[in-house]
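Written out below as structure tokens is the structure these notes cover.
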Number of protein chains: 2
Amino acid sequence: MDRLAAEDERPVRQRLLDAGERLFAAHGWNGVSIRTLAAEADVTLSALNYHFGEKENLLAEIFAARAAPIAAERMRLLGKIEAKGAPTLEAIIQAFLRPALTVDKQFGGAPFVKLRARLATEPEAFSRRILARAFDQSSGAFIKALQAVLPGLPAADLAWRFHFLLGAMSYTMANPGRIQSLTGGACDPGDTELALAHLVPFAAAGFRAAPVRRPRRRTKQ
Amino acid sequence: MDRLAAEDERPVRQRLLDAGERLFAAHGWNGVSIRTLAAEADVTLSALNYHFGEKENLLAEIFAARAAPIAAERMRLLGKIEAKGAPTLEAIIQAFLRPALTVDKQFGGAPFVKLRARLATEPEAFSRRILARAFDQSSGAFIKALQAVLPGLPAADLAWRFHFLLGAMSYTMANPGRIQSLTGGACDPGDTELALAHLVPFAAAGFRAAPVRRPRRRTKQ
DNA sequence: GTCTATAGCTGGATAGAC
DNA sequence: GTCTATCCAGCTATAGAC
């Protein structure tokens, strides 16, 4: 974009956004102080405060910069496959997952994948709000698209299955290392293409399962 | 003040364990201080330190008290269904999930479900270690059982699918509220029996999908 | 075993010079 | 816009009386 920035270093704002992305992803919201953040970006504490004000703003701006392109890419892919006629279930799921898991789009994208997954289970209310604002609209569009190719599936069942898809996706993005620990490192959730190749058919089969009859209520204390 | 000490109130240790379970589940490891913990348990800061030493010990002991019964119940259920002959895929998955999701076993179990899910994505290394020590053995047994009923599935595919199951399970236990936000509250992951009724067939269908042919490598570094 | 008191830090955020 | 200096609330952990 701006070639004029042929200066020695990248602008302060950008250095802070990058450092925040990387450190929040690695240590969580409460795990990194604005002092550490500033030091990592080679910036004074006051400079951070000048540019972003309170800590929450930094996270919000990191998120704003990355989430919109992901949501846009999702919609673009969905539009593309729908333009070719009735899409397959697999194609829809892939259009949903790929932009979230793919990291090689822009420099610095990889930490964001982890950051986003971390944010999903972060207890702070404002992180939920950030997430909802960023993705509710595009996710809603995908639920509609899924409903169209699964006409026999009740809306509630679809919602549950979409929820499970989000869980499998988040867990893969967060990569907590459980599966490496269980298989001696045989499978690596960090391999994006391989993760997609496995998750898409797994989820598709799940979505195609017969609808669930509502179970009888268990006696509850 | 105290007439025979342990009559009027529950012991200090137990009050601290309960408070820790609830507060760590709600706010995460870094989100709650030992001061808050002590106040919540109606105990002084020093009493906490006397009983548990450093903060990490409290979490470790909370976990030790709950995880073992869950793993044991899993193994008991697995043994029970295997005793009746070759178990179904659904029965195995249910035996794995139910003890993790069920909360009405003992007083105070509900917060632990959330705590455990939170711990799975916590960045601290020691929380991963706690989790691995608690569940690696029983999870290994379930992977074996799954392999037995899915003889045609390569081990790598099975590992990936087990990983996705863990993700869907964790996400449901953590209940980050995404699906309520997307469906206007129509589906509630906090309803254990309903969650099981939906997750078991979803995962079973995923496990039964055809094995994945290893995709061509994308250009990568 | 339980208390009060406090040491010794680190946290987020700001003031005001330049 | 960027700095140094600072405020002060909050943190973990310990000391020492009872």
Side-chain angles (χ1 to χ4, degrees), chain A residues 2 4-63 118-119 122-127 129-130, chain B residues 1-24 26-63 122-127 130:
Chain A
D2 51 14
L4 288 177
E7 300 274 82
D8 268 18
E9 294 179 328
R10 326 183 38 222
V12 169
R13 272 186 66 91
Q14 195 55 48
R15 293 212 309 273
L16 282 166
L17 289 171
D18 290 346
E21 195 166 57
R22 196 171 64 254
L23 292 181
F24 284 139
H27 306 112
W29 168 253
N30 279 318
V32 51
S33 68
I34 56 174
R35 297 178 121 89
T36 308
L37 241 10
E40 186 75 10
D42 204 18
V43 153
T44 62
L45 188 56
S46 305
L48 189 159
N49 208 268
Y50 172 79
H51 286 286
F52 294 97
E54 60 178 19
K55 195 182 175 186
E56 291 193 6
N57 279 357
L58 176 57
L59 181 61
E61 295 209 28
I62 289 167
F63 215 82
R118 190 88 73 208
L119 219 61
E122 206 78 45
E124 326 291 337
F126 82 95
S127 66
R129 247 179 293 123
I130 288 177
Chain B
M1 280 290 271
D2 41 298
R3 58 201 87 166
L4 227 59
E7 273 276 324
D8 268 21
E9 295 180 329
R10 328 190 31 228
V12 170
R13 271 186 66 92
Q14 193 56 47
R15 293 213 308 273
L16 282 166
L17 289 170
D18 290 346
E21 195 167 57
R22 197 170 63 255
L23 292 180
F24 284 139
H27 306 113
W29 168 254
N30 279 319
V32 51
S33 68
I34 57 174
R35 296 173 116 88
T36 309
L37 241 10
E40 187 74 11
D42 204 18
V43 154
T44 62
L45 189 56
S46 305
L48 189 159
N49 208 269
Y50 172 80
H51 286 286
F52 294 98
E54 60 178 20
K55 195 181 176 186
E56 290 192 6
N57 278 357
L58 177 58
L59 181 61
E61 295 210 28
I62 291 168
F63 215 80
E122 206 79 44
E124 326 291 336
F126 82 95
S127 65
I130 289 177

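Reminder, nothing fancy here: chain letters follow the sequence lines and each chain counts from 1.
- Remark: C1' of dC9(C) and CD1 of I34(B) are 13 Å apart, rounded to the nearest angstrom.
- For the salt bridge (charged side-chain N to carboxylate O under 4.0 Å, His left out) condition, the pairs that include at least one residue of residues 28-47 of chain A, sequence neighbours left out, are R22(A)-E40(A).
- A straight line from CG of L37(A) to P of dG12(C) spans 9 Å, rounded to a whole angstrom.
- With R15(B) contributing its side chain and A41(B) its backbone, the two residues share a donor-acceptor pair below 3.5 Å.
- Taking the side chain to side chain donor-acceptor pair (under 3.5 Å) definition, one finds that T44(B) meets it with nothing, sequence neighbours left out.
- Distance CG (N30(A)) to C1' (dC11(D)): 12 Å, rounded to an integer number of Å.
- Partners of F126(B) according to the ring pair (Phe, Tyr, Trp, His ring centres under 6.0 Å) rule, which considers only residues two or more places apart in sequence or in another chain, are W29(B).
- The distance between atom CZ of R35(A) and atom C1' of dG11(C), rounded to the nearest whole Å, is 7 Å.
- The nearest whole Å value for the distance from the CD atom in E54(A) to the P atom in dA13(C) is 6 Å.
- Under the salt bridge (charged side-chain N to carboxylate O under 4.0 Å, His left out) criterion, E124(B) pairs with no residue at all, not counting sequence neighbours.
- A search for side-chain contact (heavy atoms from CB on, under 4.5 Å) contacts involving E54(A) returns E56(A), N57(A), not counting sequence neighbours.
- What separates CG of L48(A) from C1' of dT14(C) is a distance of 13 Å, to the nearest Å.
- Each of L45(B) and N49(A) lies near DNA chain C, and the nucleotide nearest L45(B) is the one positioned closer to the 5' end.
- The separation between L58(B) atom CG and dA13(D) atom P is 11 Å, rounded to whole Å.
- Taking atom CH2 of residue W29(B) and atom C1' of nucleotide dC11(D), one finds them 13 Å apart after rounding to whole Å.
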Please list, pair by pair, any protein nitrogen or oxygen found under 3.5 Å from a nitrogen or oxygen in nucleotides 1-3 of chain C.
from	atom 1	to	atom 2	distance (Å)
dT2(C)	OP2	H51(B)	NE2	2.7
dC3(C)	OP2	T44(B)	OG1	2.8

